[in-house]
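Notes follow once the structure below has been shown.
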Amino acid sequence: DVKVTQSSRYLVKRTGEKVFLECVQDMDHENMFWYRQDPGLGLRLIYFSYDVKMKEKGDIPEGYSVSREKKERFSLILESASTNQTSMYLCASSPNVRTSGSGETQYFGPGTRLLVL
Amino acid sequence: RKEVEQDPGPFNVPEGATVAFNCTYSNSASQSFFWYRQDCRKEPKLLMSVYSSGNEDGRFTAQLNRASQYISLLIRDSKLSDSATYLCVVNAYGTSYGKLTFGQGTILTVHP
């Protein structure tokens with residue numbers, strides 16, 4: 001079974017703090033993704049990575065950065081947290097489309113609920 | 001226009017009912033289609049892929065109409081455990097990195 005884990009289920013931070021969200025997958029997947037999910041807006045892609053040290057902006061990258069130093073780990077960084085970053089953050093991974101029989105199926109972690117005060 | 005649009009519902013149906021969800025997508029070049037299920041306060045999980053010829057998995061049937069850019073999910077003999085949010089998902093054409101676009105989801109509540 002694919003397992004994607006996230007470092008925290010719940011986090012409370014103050015405005016202006018630097019926040020690190022960590023994601024680890026154990027299936028040797030090439031692709032990793034960070035989303036945020038808000039009521040009425042669905043899942044929105046923040047950043048994704050298709051290889052170690054590679055990253056691409058998603059649809060809403062402003063206010064976020066990412067790091068992928070090892071294949072299994074993808075970190076999301078909020079440089080200076082703001083109240084509008086209060087959200088559910090979901091990490092996902094998927095294998096390379098060209099080599100995988102499962103296509104683009106993404107496997108999600110349990111999510112981190114972040115509250116910024 | 002949103003890339004993937006779904007009726008948000010909520011759909012409230014009794015056990016045993018048949019319920020259908022619809023979804024439209026805007027990118028005619030999309031090649032892969034999925035339905036994901038998300039339980040309350042949990043992560044999304046793949047329910048089923050959607051193939052051009054239509055496919056069935058037990059009580060669940062998915063259909064794709066490329067000409068109309070329309071995907072559907074039919075649930076027969078609804079169970080209480082089917083209560084969840086159902087997400088319509090299409091791939092983002094032009095990349096091999098497995099990027100997906102998610103609809104905002106349709107909420108289903110099955111009651112006794």
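To find a chain, count down the sequence lines: A is the first, B the second, and so on, and within it residues start at 1. Please read these numbers as outputs of a predicted model, since none were measured by experiment.
Only the side chain of A/R113 comes within contact range of chain B, with heavy atoms under 4.5 Å apart. The contact between B/L46 and chain A is made entirely by side chain atoms (from C-beta outward), counting heavy-atom distances below 4.5 Å. Proximity to chain A (any heavy atom under 4.5 Å) is restricted, for B/Q38, to the side chain, taken from C-beta onward. B/P8 does not touch chain A: none of its heavy atoms, backbone or side chain, sits under 4.5 Å away.
A/S7 OG to A/F20 CZ: the interatomic distance, rounded to the nearest 0.5 Å, is 11.0 Å.
Annotation: A/K71, atom NZ; neighbour count of heavy atoms from other residues, nucleotides and ligands within 6.0 Å is above 12.
A centroid separation of less than 6.0 Å is found between the aromatic rings of B/Y36 and B/F102.
Under a 3.5 Å cut-off, the side chain of A/T15 and the backbone N or O of A/L117 do form a donor-acceptor pair.
Among the candidates A/L43, A/L45, A/D59, the residue making the largest number of heavy-atom pairs closer than 4.5 Å to chain B is A/L43.
Taking the side chain as every heavy atom from C-beta outward, B/Y25 and B/L64 approach each other to under 4.5 Å.
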